[in-house]
Amino acid sequence: MEALNPTITPKPCLPSSCFLKPPLLNSTFKPTFSPRNSQLHNFSKKTPLSLSLTCRLKTPQENKNNKTNNISKKIILSEGAPPPLAEKGGDAAGEDEAPPKLGSGSGVMGSMKRLPRKVLSVLSYLPLAIGEMFAIAGLMALGTFIDQGEAPDHYFDKFPESNPILGIFTWRWVLALGFDHMYSSPIFLATLALLAASLMACTYTTQIPLVKVARRWKFLQSSEAIHKQEFSDSLPRASVQDLGVILMGAGYEVFLKGPYLYAFKGLAGRFAPIGVHLAMLLIMVGGTLSATGSFRGAVTVPQGLNFVVGDVLDPSGFLSTPTEAFNTEVHVNKFYMTYFDSGEVSQFYTDLSLLDLDGKEVLRKTINVNNPLRYGGITIYQTDWSISALQVLKDNEGPFNLAVAPLQINGDKKLYGTFLPIGDVSAPNVKGISMLLRDLQSVVLYDQEGKFVGVRRPSSKLPIEIDGSKIVIVDAIGSSGLALKTDPGVPVVYAGFGALMLTTCISFLSHSQIWALQDGTAVVIGGKTNRAKGEFPEEMNRLLDRVPELVESSLSRQSDSISG
């Protein structure tokens, strides 16, 4: 809308009940309606209606001096607010610029006002963001090289001062910089915060302005401007309205204003970079929550015993906060294993019951590897197994629970042993029966001289004679190795990665723009796209081939409608 002449000050508003007298107002009102498809934004029934009204207004002072002032306004009648319109020359062509304030660009106040822009400019610098990402990757790689969460003695032995790595790196560096808990160390968290600031600065200074510009639809009102686009062509006998119908059928959003046309599609591709930045921020926030706000612990519990969740979990950072679920008691109902035909362990299971403060069971579940139990934000994983005791009968007495000790643990190759004394247990050289177990399905027995006697299954209850004693293996009691954790960052990280995958796919959508101008009987077309540079000209040629050619009578009617 053109600005009024500031030298003539009309009344600020006219009440709706006032009428302009005919000598003061001369107007020409010529709306033009197009019967094209309703999706075209060209005076259709359900879309914005643009009418051009030119008024010649005489003020009393001008009547006296016989001088006139022409005021041209564009009135938009619409059922809903139309998109922002920017035409060649801009809406501010006739607006007066505000006078600059004295002292606003100099001195301390001016420097303070310019400081945020300088900070944003530095943070949004692309090489800086890339350097921050490489720094984070390097710290994460260092965290895999240095054992995390060990006691200081471990680092004294692994990184001694007598043999420093690269001549300088010793345990002092590890403990001083917090590399023994890398992912919650101040250096790692500060680098994450710096990268997050760079992403937000880039979004604010670059991505959001690009989206604002892409959302503005504008008309190019000269053939020269249209021919400067990446793709340009002309149709000698065609109608710009027919072109709009073809573009609309190809998925474009089309706007018409007299002889001018503007169309676009793929605006979502402009929003995708902002979504990618937000997704990365979500991932970093989730990772920070996991590193500083979680609890972790591990316990090995024999079958039939209990433990309290809060007694096992240890905080991992300064944001770790316990919940009511930490008072839950866990009871191991049963531990058992399944085996392959070769006798190797196939899978191991633990039947768990969760009890509240009153001892009432609130949840029961059998867990195994990759099938954890979740309750109140706490996750209990099955991670390992062992053998804690062996129940035996000796000469029909018992059963006796013999403690089992690990003799060899090398991955899945485990060996456990126990000892049943015979005779005087207080004698200095006590002799007895030795028993070895690889798993819960068989026990190997040896006599007092260490000679092999036989093998028994715990479930068989078959007796075996050893040195005059009758031994029966009643049961082998297993222990369940459990890992417990609370991690408030997991859902945030999952949401971030899901959003990252979605927005990355959307970012490959091309944002294409097309301008056209009815120049007599010819239509001049131009367009550009931010992606798919090779496919865009081919698409345009296919669309232009579908525009119908006008005959002489159609050309004359078209000329009359444009001139009228």
Side-chain angles (χ1 to χ4, degrees), residues 118-202 276-277 279-298 312-320 381 383-384 406 408-413 481 483-490 492-493 496-497 500:
K118 292 182 179 180
V119 173
L120 289 175
S121 177
V122 172
L123 288 175
S124 60
Y125 188 48
L126 181 59
L128 175 63
I130 294 175
E132 293 162 357
M133 296 179 70
F134 273 108
I136 293 173
L139 291 174
M140 294 175 67
L142 190 59
T144 60
F145 173 73
I146 301 175
D147 297 332
Q148 299 293 297
E150 300 291 341
D153 293 342
H154 175 81
Y155 303 104
F156 297 159
D157 297 335
K158 192 167 184 178
F159 305 101
E161 292 185 315
S162 59
N163 186 23
I165 299 176
L166 301 177
I168 58 170
F169 195 81
T170 65
W171 61 268
R172 294 184 183 274
W173 288 89
V174 176
L175 299 181
L177 298 177
F179 288 169
D180 56 328
H181 51 280
M182 174 66 75
Y183 306 107
S184 59
S185 64
I187 293 179
F188 187 80
L189 295 179
T191 309
L192 278 182
L194 188 59
L195 178 59
S198 294
L199 288 175
M200 290 187 288
C202 178
V276 170
H277 288 182
M280 294 179 67
L281 289 174
L282 275 179
I283 294 172
M284 288 188 288
V285 169
T288 302
L289 284 177
S290 296
T292 61
S294 60
F295 287 84
R296 285 177 172 80
V312 176
L313 292 174
D314 296 319
S316 62
F318 60 92
L319 295 178
S320 301
Y381 298 91
T383 58
D384 202 0
Q408 175 185 349
I409 298 178
N410 184 15
D412 292 335
K413 305 297 182 182
L484 291 80
K485 77 169 186 177
T486 65
D487 195 340
V490 167
V492 181
V493 171
F497 273 109
L500 182 62

Gap between atom [atom2] of [Y] and atom [atom1] of [X] - 0.5 Å precision:
X      : Y      : atom1 : atom2 : result
Leu177 : Ile146 : CG    : CD1   : 9.0 Å
Phe134 : Leu139 : CZ    : CG    : 13.5 Å
Cys202 : Leu120 : SG    : CG    : 11.0 Å
Asp180 : His154 : CG    : NE2   : 10.0 Å
Asp314 : Leu484 : CG    : CG    : 11.0 Å
Thr288 : Leu319 : OG1   : CG    : 9.0 Å

Where [X] and [Y] come nearest, the two heavy atoms and their spacing:
X      : Y      : answer
Ser290 : Val490 : OG-N, 4.0 Å
Leu289 : Gly489 : CB-CA, 3.9 Å
Trp171 : Pro160 : CD1-CA, 4.3 Å
Ala483 : Thr383 : CB-CG2, 3.6 Å
Val312 : Ala298 : CG1-N, 3.7 Å
Thr144 : Ala141 : OG1-O, 2.5 Å

Within-4.5 Å side-chain heavy-atom neighbours: [X] and [Y]:
X      : Y      : result
His277 : Met200 : no
Leu282 : Val493 : no
Met280 : Leu500 : yes
Met284 : Leu195 : yes
Glu132 : Ile130 : no
His181 : Glu150 : no
Ile165 : Phe145 : yes

Query raised in the report: Just wondering, more than 12 heavy atoms not from Phe156 lying within 6.0 Å of its CZ?
Result: yes
Requested in this report: Give a yes or no answer on whether the side chain of Ser185 reaches the backbone of Met182 with a donor-acceptor pair at less than 3.5 Å.
Outcome: yes
Query raised in the report: Any donor-acceptor pair under 3.5 Å linking the side chain of Thr191 with the backbone of Ile136?
Result: no
Report summary line: From the list Ser316, Ser320, Ser184, side chain to side chain donor-acceptor pair (under 3.5 Å) partner of Ser294 resolves to Ser316
Query raised in the report: So which of Phe169, Tyr155, Phe159, Trp173 actually passes side-chain contact (heavy atoms from CB on, under 4.5 Å) with Phe179?
Result: Phe169
**Report entry** Residues Asp147 and Lys158 bridged, charged N to O under 4.0 Å
**Finding:** yes
